[in-house]
Each structure stands twice: as C-alpha cells, then as structure tokens.
K.L.:
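This is the structure, below, for whatever I ask next.
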Amino acid sequence: MEIANSTCVLVTDGRKSLFFRNLGDEKFPRLGLLRSWEDDNPADREQRTGPPGRTFASMLAGAGRSAKAETDFHEEEEARFTARMADFLRAQALAHEIGDLIVVAPPRTLGLLRKHYHEAVKRRIVAEIGKDLVKHPVSEIERLIGRTQTPKMV
C-alpha cells in the first residue's frame with residue numbers, strides 16, 4: 001500500500017493509541033508522531049472488589065440460587081477508550097485537520113471503532129488494517145503498513 005504525503009495514521013489497541021502524519025512520500029513513508037495516549041487500565045482481576053453477586057430464583061423456578069454475570073471492567077474501559085479515539089477522529093475530521101486516514105488496530109478494536117465512526121471520519125478512511133502494531137517501533141509500523149495490501153473496509 002502506498003501512503004500519500006500528509007495521510008494520517010491511527011494505531012491503537014484499546015489501551016494505547018498513536019496518531020501519526022506521513023511526512024514522507026508514497027514510496028518512502030516517514031511517520032511523524034502528532035499525539036499519543038495511554039490508558040491506565042489494569043487487568044480485570046485487579047479491578048474487581050469481590051466475588052460476583054448472587055440472586056435467588058423465583059418461587060416458580062424452585063429454590064435455587066445462581067451467580068449474576070460478572071462485569072469485565074477491563075473490557076469496559078477498553079471500549080470507553082476506543083470510543084474516545086473515535087471522538088478524537090470526529091473532532092479532527094470536522095475541523096478539517098485530517099485528510100486521508102488509515103486506521104490500524106486489532107480486529108476486535110476495529111469493530112468497536114466502527115460503531116462510533118462519524119460520517120466525516122468514514123469518508124476519510126482509505127484503509128483499515130486489522131493488526132496490533134501499537135507496541136512496534138515507528139520504523140516497523142512504516143514498513144508493515146507499506147507492505148499491507150488491505151482494502152478499505154468501512
């Protein structure tokens with residue numbers, strides 16, 4: 001994939017995000033970091049306060065008890081973080097701060113982002129790449145994005 005000059009690239013994983021602009025050309029991309037975010041989101045086991053609650057069954061169903069479904073606080077925070085990234089993209093798009101946009105995220109995070117994309121963001125997306133690259137060095141991100149043959153998926 002060729003990345004045009006000034007194309008913006010969001011690399012995210014639901015916990016950390018890197019927002020770049022291509023300062024190079026199509027053949028030799030050079031991603032310049034514009035902004036980064038990192039969410040302090042400990043594992044779910046560290047966020048829980050105790051065992052799941054219990055509920056009594058109704059008189060019609062018998063006298064049994066069952067556990068209530070547990071909330072995964074870690075996943076909930078990842079979903080909130082991803083929604084904030086979609087809000088950031090919306091603000092950038094409406095302020096005409098971004099032109100073409102490439103979004104790189106694990107498939108699950110891409111699915112969460114798509115739920116929140118504004119129309120102005122959808123029009124700017126030229127590609128979505130379903131990979132987790134947020135922990136890679138910038139030179140590796142440039143190389144991997146340049147090798148990817150991923151069509152627009154929005």
Side-chain angles (χ1 to χ4, degrees), residues 1-53 68-154:
M1 168 189 317
E2 292 185 350
I3 306 167
N5 179 270
S6 78
T7 296
C8 290
V9 179
L10 176 69
V11 181
T12 187
D13 69 356
R15 234 185 119 179
K16 181 177 181 179
S17 292
L18 305 168
F19 187 65
F20 301 99
R21 184 177 308 274
N22 182 17
L23 305 174
D25 59 23
E26 288 123 5
K27 299 285 185 198
F28 302 103
R30 188 171 55 88
L31 298 180
L33 183 65
L34 300 177
R35 191 158 177 200
S36 67
W37 302 262
E38 189 156 6
D39 196 15
D40 181 27
N41 184 7
D44 184 60
R45 67 182 174 279
E46 295 174 20
Q47 296 184 49
R48 279 189 256 144
T49 57
K68 290 188 176 183
E70 284 189 47
T71 300
D72 188 328
F73 296 106
H74 182 77
E75 281 189 21
E76 281 188 359
E77 182 54 34
E78 281 190 2
R80 281 191 291 272
F81 181 81
T82 302
R84 287 194 302 271
M85 291 303 99
D87 286 342
F88 168 76
L89 292 175
R90 177 189 51 78
Q92 293 291 298
L94 293 176
H96 304 287
E97 295 291 325
I98 58 175
D100 290 346
L101 175 65
I102 298 172
V103 179
V104 182
R108 182 180 170 281
T109 305
L110 275 176
L112 290 171
L113 275 169
R114 286 183 191 131
K115 290 180 184 179
H116 299 284
Y117 282 154
H118 186 274
E119 282 300 316
V121 173
K122 288 180 184 179
R123 287 192 301 268
R124 287 169 170 76
I125 295 175
V126 295
E128 289 181 321
I129 301 171
K131 293 182 180 180
D132 188 356
L133 302 181
V134 80
K135 294 180 181 90
H136 288 68
V138 176
S139 60
E140 186 74 3
I141 294 170
E142 292 167 348
R143 188 179 70 74
L144 291 170
I145 291 175
R147 282 192 347 203
T148 302
Q149 300 291 325
T150 306
K152 180 176 175 177
M153 297 166 60
V154 171

K.L.:
Between Arg21 and Glu97, which heavy-atom pair has the shortest distance, and what is it?
P.N.:
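Looking at all heavy atoms of both residues, the closest pair is NH2-O, 3.0 Å.
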K.L.:
Does the side-chain contact (heavy atoms from CB on, under 4.5 Å) test come out yes or no for His118 and Lys122, once each step is laid out?
P.N.:
CA-CA 6 Å; His118 186 274; Lys122 288 180 184 179; over 6 Å; no
K.L.:
If the threshold is 4.0 Å, N to carboxylate O, is there a salt bridge linking Arg80 and Asp39?
P.N.:
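Asp39 and Arg80: not salt-bridged.
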K.L.:
Any side-chain to backbone donor/acceptor pair from Asn22 onto Ile3? Under 3.5 Å, distance only.
P.N.:
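It does hold such a pair.
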K.L.:
Salt-bridged, Lys135 to Asp13, with N to O below 4.0 Å?
P.N.:
yes
K.L.:
So which atom in Ala93 and which in Val121 form the shortest heavy-atom distance, rounded to 0.1 Å?
P.N.:
CB-CG2, 4.0 Å
K.L.:
Before accepting this row, confirm whether a basic side-chain N of the pair Glu2/Lys27 lies closer than 4.0 Å to the acidic partner's carboxylate O.
P.N.:
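Yes, this pair counts.
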K.L.:
Supply the atom-to-atom distance Ile141 CD1 to Leu33 CG, rounded to the nearest 0.5 angstrom.
P.N.:
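The distance works out to 9.0 Å.
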K.L.:
Checking Thr109 side chain against Ala105 main chain: does a donor-acceptor pair fall under 3.5 Å?
P.N.:
no
K.L.:
Could you check whether any side-chain heavy atom of Arg108 comes within less than 4.5 Å of a side-chain heavy atom of Glu75, counting everything from C-beta outward?
P.N.:
yes
K.L.:
Might you work through the side-chain contact (heavy atoms from CB on, under 4.5 Å) test for Thr12 and Val134, ending with a clear yes or no?
P.N.:
CA-CA 6 Å; Thr12 187; Val134 80; 5.7 Å; no
K.L.:
Flag the pair Glu77 and Arg15 as a salt bridge only when some basic side-chain nitrogen lies within less than 4.0 angstrom of an acidic carboxylate oxygen.
P.N.:
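Judged by the 4.0 Å cut-off on N to carboxylate O distance, Glu77 and Arg15 do not form a salt bridge.
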K.L.:
Calculate, to the nearest 0.5 Å, the distance between atoms CG and OH belonging to Leu112 and Tyr117 respectively.
P.N.:
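Result: 10.5 Å between the selected atoms.
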K.L.:
Tell me the closest heavy-atom pair linking Cys8 and Ile98, and the distance in Å.
P.N.:
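That would be SG-CG2, 3.3 Å.
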K.L.:
Report the residues that fulfil ring-ring contact (aromatic ring centres under 6.0 Å, His included) with Phe81, sequence neighbours left out, ordered by chain and then residue number.
P.N.:
none
K.L.:
Could you check if a side-chain atom of Val11 sits within less than 4.5 angstrom of a side-chain atom of Val9, using non-hydrogen atoms only?
P.N.:
yes
K.L.:
Identify the heavy atoms of Met1 and Ala127 that sit nearest to each other, and give their distance.
P.N.:
CE-CB, 3.6 Å
K.L.:
Drop me the distance from Ser6's OG to Leu23's CG, to the nearest 0.5 angstrom.
P.N.:
9.0 Å
K.L.:
Are Thr7 and Phe20 side-chain neighbours, meaning at least one heavy-atom pair lies under 4.5 Å?
P.N.:
no
K.L.:
Tell me the closest heavy-atom pair linking Lys16 and Leu18, and the distance in Å.
P.N.:
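Between these two residues, the closest heavy atoms are CE-CD2, 4.0 Å.
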K.L.:
Determine whether Leu10 and Ser17 make a side-chain contact, defined as any pair of heavy atoms from C-beta on separated by less than 4.5 Å.
P.N.:
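Sidechains of Ser17 and Leu10: in contact.
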K.L.:
Just so I know, are the side chains of Trp37 and Met85 near enough to count as touching, which here means a heavy-atom distance under 4.5 Å?
P.N.:
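They are in contact (side-chain heavy atoms under 4.5 Å apart), so the answer is yes.
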K.L.:
For side-chain contact (heavy atoms from CB on, under 4.5 Å), just list the numbers for Leu31 and Phe19, CA-CA rounded to whole Å, side-chain angles, deciding distance to a tenth of an Å, and then say yes or no.
P.N.:
CA-CA 9 Å; Leu31 298 180; Phe19 187 65; over 6 Å; no
K.L.:
NE2/His116 to OG1/Thr82 distance, rounded to the nearest 0.5 angstrom?
P.N.:
7.5 Å
K.L.:
Just so I know, are the side chains of Leu144 and His136 near enough to count as touching, which here means a heavy-atom distance under 4.5 Å?
P.N.:
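Side-chain contact under 4.5 Å: yes.
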K.L.:
Donor-acceptor check, side chain of Asn5 to backbone of Gly24, threshold 3.5 angstrom: yes or no?
P.N.:
yes
K.L.:
Is there a side-chain contact (heavy atoms from CB on, under 4.5 Å) between Ile129 and Val103? Walk through the geometry before answering.
P.N.:
CA-CA 6 Å; Ile129 301 171; Val103 179; over 6 Å; no
